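For reference, the structure is listed below as structure tokens.
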Amino acid sequence: MGRTRFMVVKAKELIKTAVFAVLGVIILVGLITFFLNMGKHDGAYRDGTYYEEMQLGEETAEVAVTIAEGRIAAVSMEEETEAVAVFYPLLAEVTETVGQAVIENQSAEIAVESENPHSAQAILDAVAACLEQAEK
């Protein structure tokens, strides 16, 4: 005659084992995702072009900061009127110089040049406001 065997399975033990197995899978997937994305740093800023108006006496000019792949890609002067060009002839040159320094440092925290400190500081303030808009 064959022997009949009974297997006793406790429901609590079965549920505990299933919960721990699911938690283990979740932790494992999380660790794999973390380590795969570890080398991919997408920068501190959201992509796009951000604008800030800069007051120059009675005139205004607009500074644009372009972010690409999470990094500062360009700083430029937008909507420069003829009055701004006439009354502030060095503004375009200062914008280019400050823009290059901001791009190199990836920050608005740069030393202001001594030749045109007021113009450079006004541009840096506008760049800092644009970067605040772009922060993640």
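Note that the coordinates shown come from a computational prediction; the quantities given were computed from them, not determined experimentally.
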What are the two closest non-hydrogen atoms of A108 and V127, and how far apart are they? CB-CG1, 4.2 Å
Quick check: closest heavy atoms across E52 and A126, and the distance to 0.1 Å? CB-O, 3.7 Å
Exercise: identify the closest heavy-atom pair between A61 and L56: CB-CD1, 4.0 Å
Taking every heavy atom of E59 against every heavy atom of Q55, the minimum-distance pair comes out as O-NE2, 3.4 Å
Would you please name every residue forming a side-chain hydrogen bond (donor to acceptor under 3.5 Å, both in side chains) with S76, sequence neighbours left out? E78
Where do T49 and A64 come nearest, in terms of heavy atoms and distance? CG2-CB, 4.1 Å
Here the gap from E58 atom CD to F87 atom CZ, rounded to the nearest 0.5 Å, amounts to 9.0 Å
So, Q106 side chain and R71 main chain: donor-acceptor pair closer than 3.5 Å or not? no
Distance check, rounded to the nearest 0.5 Å: I67 atom CD1 versus I72 atom CD1? 5.0 Å
Do V86 and M77 land in one hydrophobic cluster if side-chain heavy atoms of ILVMFWY residues count as linked below 4.5 Å? no
Nearest-0.5 Å distance that lies between atom CD in Q100 and atom CD1 in I103: 7.5 Å
Under the side-chain hydrogen bond (donor to acceptor under 3.5 Å, both in side chains) rule, collect the residues that match up with N105, sequence neighbours excluded. none
Joint cluster assignment, L31 & L23, ILVMFWY side-chain distance < 4.5 Å: no
So, Q133 side chain and C130 main chain: donor-acceptor pair closer than 3.5 Å or not? no
Specify the closest pair of heavy atoms between L91 and S119, including all atoms of both residues, with the distance to one decimal. CD1-CB, 4.1 Å
Is E96 atom CD crowded by more than 12 heavy atoms from other residues, nucleotides or ligands, each under 6.0 Å away? no
How long is the straight-line distance from OG1 of T17 back to NZ of K10, given to the nearest 0.5 Å? 12.0 Å
Find the distance between CZ (F20) and CD1 (I27) and round it off to the nearest 0.5 Å. 10.0 Å
Mind checking whether V65 and Y51 sit in one hydrophobic cluster, side chains of I, L, V, M, F, W, Y counted as touching below 4.5 Å? no
T66 and V75: CA distance, side-chain angles, deciding distance, side-chain contact (heavy atoms from CB on, under 4.5 Å) verdict: CA-CA 6 Å; T66 303; V75 175; over 6 Å; no
side-chain contact (heavy atoms from CB on, under 4.5 Å) with M54: of D125, T60, I123, T95, only one passes, and it is I123
